[in-house]
Amino acid sequence: MTILESRPETVRPQGGTLIQQFELGLDAPICLTWELTYACNLECAHCLSSSGRRDPRELTTEQCEAVIDELQRMQVFYVNIGGGEPTIRPDFWHLLQYAVDHQVGVKFSTNGVRLNPERARFLASTDYVDVQISLDGATAEVNDYVRGPGSFDTAITALQNLQDAGFEDAKISVVCTRQNIGQLDEFKALADRFGATLRLTRLRPSGRGADVWDELHPLPEQQRELYDWLVANGGDVLTGDSFFHLSAFGGTDGGGALPGLNLCGAGRVVCLIDPIGDVYACPFAIHDNFLAGNLLADGGFQTVWQRSELFAELRSPQTGGACSSCAFFDSCRGGCMAAKFFTGLPLDGPDPECVQGYGESALASPDRVLPPQGQDHSKANPTRNQPVMLTLSRRPGLEDGPAAPPTSACAESPLAGFTP
Amino acid sequence: MLGEPWTLSPAVALRPEPFGAMAYHFGNRKLTFLKRMELVQVVRGLADHADVRAALVAAGVPEAQWPGYVDALAGLAAADMIRPRTMEGAVA
Ligand code: SF4
Ligand code: SF4
């Protein structure tokens, strides 16, 4: 994580496409995720940030305010706040108000634990705040298996409180898994019932997600089912632009590509600020290899964003490697960098869930080595909130080994709400 | 549109980017991108000129390209990024 002396010069095509421009990087991110704490009341089996315990180095209220001031100066108009469970920070509501007062809109992700009727009324009274409730099953059975006992009821109660308070258009955010792909219509009905918008995102083998990815990631025929469902219902559903690898189900002419950017935005238009001020290329890439710098140690977020050596690399022209000869490369772009990295695949080859099937053969390669995981803030001792899945899958020796994360987003689409 | 007075919408902020600008609308929270520096200059200049034509001339856009710019401006108008100027606005 080196910070360059000055901002690298980039030669840009005049009037190139937006995607070309985005690949070369922007002055400030479009899709910034900020995880406020590693503390969480739940222990979801697939947590992308391996959250559980607070880190003693987490930014103080004053430091968080300084970050917001800087985002305002950089004209970052919108931030996705997550964690951990952000609402259990005692200063969460203060920071929310502070951000909104400084022209930084907030969408925050929560499991709903603190969304009582009073908070719901407060949220309904603010402009410029979006709430996203995480739910990974349309029934308690499916949801609680990965998110832990009682988590379905918590989420539903929060949605009810929001609706009763007159909060409009909450988001229900679902990580698509082998267990819940058959429930897409039920999720949609649930969202309709609460006047909410459904948001579907991809399970990535990040954080604790790496431990359970083999068991949870959708089967090839389910990927097709998901693609068809998105094509049929896409207009009403958000995806955080996270399924662009499925675009290869469409034509080689790019027809049938899902709406969105179809580009890995990591370090280019996307990045993550973690609870201690470390800046990573993407919320799904909490690992030293993708650590650009620290905003306290390296002179602020803008310096890291504009002068990190890692980001300069990610913004330089990339080769498609084994994928570049694929007829679907233009729509799929080789898929997700984080998914490849955490499954031990080469970054310039096919995605582990390549719909042409190249991922499976790559996964079967004897040369594949899983990377050691990055940060792990999982709880040392299981609590009663632990999901069944975790008790089944936790292997001895893994407790403090692997770590990477999943509930926030590529999270957000660089394209959210943007028509090219 | 060429003969009409327009202005950047009061709910919109322009963030400079290496290739042009990002426009953000605080009301409907939409993002859009202005892909050329000249278009940014035209949009920024709208409020200071009697009409769109004058803003194009001031930004040095050759007449042959005006139709393309008018299309781009119409797209921005549809997203409420720019608005027709009211009479008071025009006088000020
Ligand atoms: S989630 Fe994957 S595809 Fe999206 S920005 Fe991160 S690394 Fe890239
Ligand atoms: S080979 Fe690469 S570009 Fe082609 S579909 Fe698979 S991941 Fe996408």
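Interface residue Arg15(B): backbone and side-chain heavy atoms are both found under 4.5 Å from chain A. Within the 4.5 angstrom heavy-atom criterion, only backbone atoms of Thr17(A) (N, CA, C, O) approach chain B.
Glu17(B) and Asp27(A) get closest at one heavy-atom pair: OE1-N, 2.7 Å.
Put simply, of Pro16(B), Pro18(B), Ala13(B), the one with the most heavy-atom pairs under 4.5 Å next to chain A is Pro18(B).
With rounding to the nearest 0.5 angstrom, the CD atom of Gln75(A) is 8.0 Å from the CE atom of Met22(B). The distance from the NZ atom of Lys107(A) to the CZ atom of Arg29(B) is 9.5 Å, given to the nearest 0.5 Å. The line from CZ of Phe33(B) to CG of Leu26(A) is 6.0 Å long, rounded to the nearest 0.5 Å.
Relative ring orientation between Tyr78(A) and Tyr24(B) is described as tilted, the plane-to-plane angle lying within the 30° to 60° band. In this structure, Phe26(B) and Phe77(A) have perpendicular ring planes: the angle between them is above 60°, well past the 30° mark.
At most 12 non-hydrogen atoms from other residues, nucleotides or ligands lie less than 6.0 angstrom from CG of Asp127(A).
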